[in-house]
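This report refers to the structure that appears directly beneath it.
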Amino acid sequence: MTDEQSLSNADGLSEDALMLCVGEVAEQLNRDFQQAQELTDGWRDTDLTYRLVQTAERECRDRLAEKGCWGEADRAPSRVPRPTA
């Protein structure tokens with residue numbers, strides 16, 4: 001398996017196409033967060049902030065899932081082990 005194959009998704013996108021897709025989704029997420037910040041008066045309206053951020057994150061995951069870049073298992077946070085002394 002080549003590096004390009006290991007970075008492709010379920011739709012068979014090449015590494016370049018996958019990176020472009022993820023970049024576009026990230027840019028939209030950034031725009032959604034900027035708009036949410038404006039609509040919530042700089043995050044002061046906590047109830048609206050929660051709803052807008054939750055919606056933006058869900059739409060981001062949905063866009064990634066459409067391209068096969070995200071699956072149900074990716075909805076759970078990753079566990080980062082604590083360093084041992």
Side-chain angles (χ1 to χ4, degrees):
M1 175 182 298
T2 68
D3 287 340
E4 185 170 319
Q5 287 172 326
S6 66
L7 291 173
S8 67
N9 64 356
D11 287 346
L13 293 177
S14 69
E15 180 180 355
D16 290 340
L18 184 61
M19 296 303 288
L20 179 63
C21 171
V22 170
E24 290 170 353
V25 171
E27 288 173 7
Q28 182 61 52
L29 181 62
N30 185 51
R31 287 189 298 271
D32 291 345
F33 282 165
Q34 287 175 349
Q35 182 181 27
Q37 185 177 17
E38 291 172 15
L39 292 171
T40 60
D41 192 27
W43 310 116
R44 286 184 180 88
D45 183 336
T46 55
D47 290 336
L48 183 56
T49 293
Y50 177 80
R51 289 193 309 272
L52 292 173
V53 168
Q54 186 178 40
T55 298
E57 290 177 337
R58 184 182 62 250
E59 289 175 357
C60 176
R61 286 191 304 266
D62 290 346
R63 286 196 231 27
L64 291 173
E66 287 172 4
K67 296 295 184 183
C69 303
W70 189 278
E72 188 63 35
D74 297 316
R75 292 181 185 256
S78 299
R79 181 174 167 91
V80 178
R82 293 182 184 204
T84 56

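- Between Thr55 and Arg58 there is a side-chain heavy-atom pair separated by less than 4.5 Å.
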Worked check of side chain to side chain donor-acceptor pair (under 3.5 Å) between Gln34 and Arg31
CA-CA 5 Å; Gln34 287 175 349; Arg31 287 189 298 271; over 6 Å; no
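- Leu29 approaches Ala56 most closely through the heavy-atom pair CD1-O, 3.7 Å.
- In this structure, Asp32 and Glu59 approach most closely via the heavy-atom pair OD2-OE1, 4.1 Å.
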Table please: side-chain donor-acceptor pairs of residues 35-43 below 3.5 Å, with sequence neighbours left out.
{"residue": "Thr40", "atom": "OG1", "partner": "Ala36", "partner atom": "O", "Å": "2.8"}
{"residue": "Thr40", "atom": "OG1", "partner": "Gln37", "partner atom": "O", "Å": "3.3"}
{"residue": "Thr40", "atom": "OG1", "partner": "Trp43", "partner atom": "N", "Å": "3.0"}

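- For Arg51 and Gln54, the side-chain atoms include no donor-acceptor pair closer than 3.5 Å.
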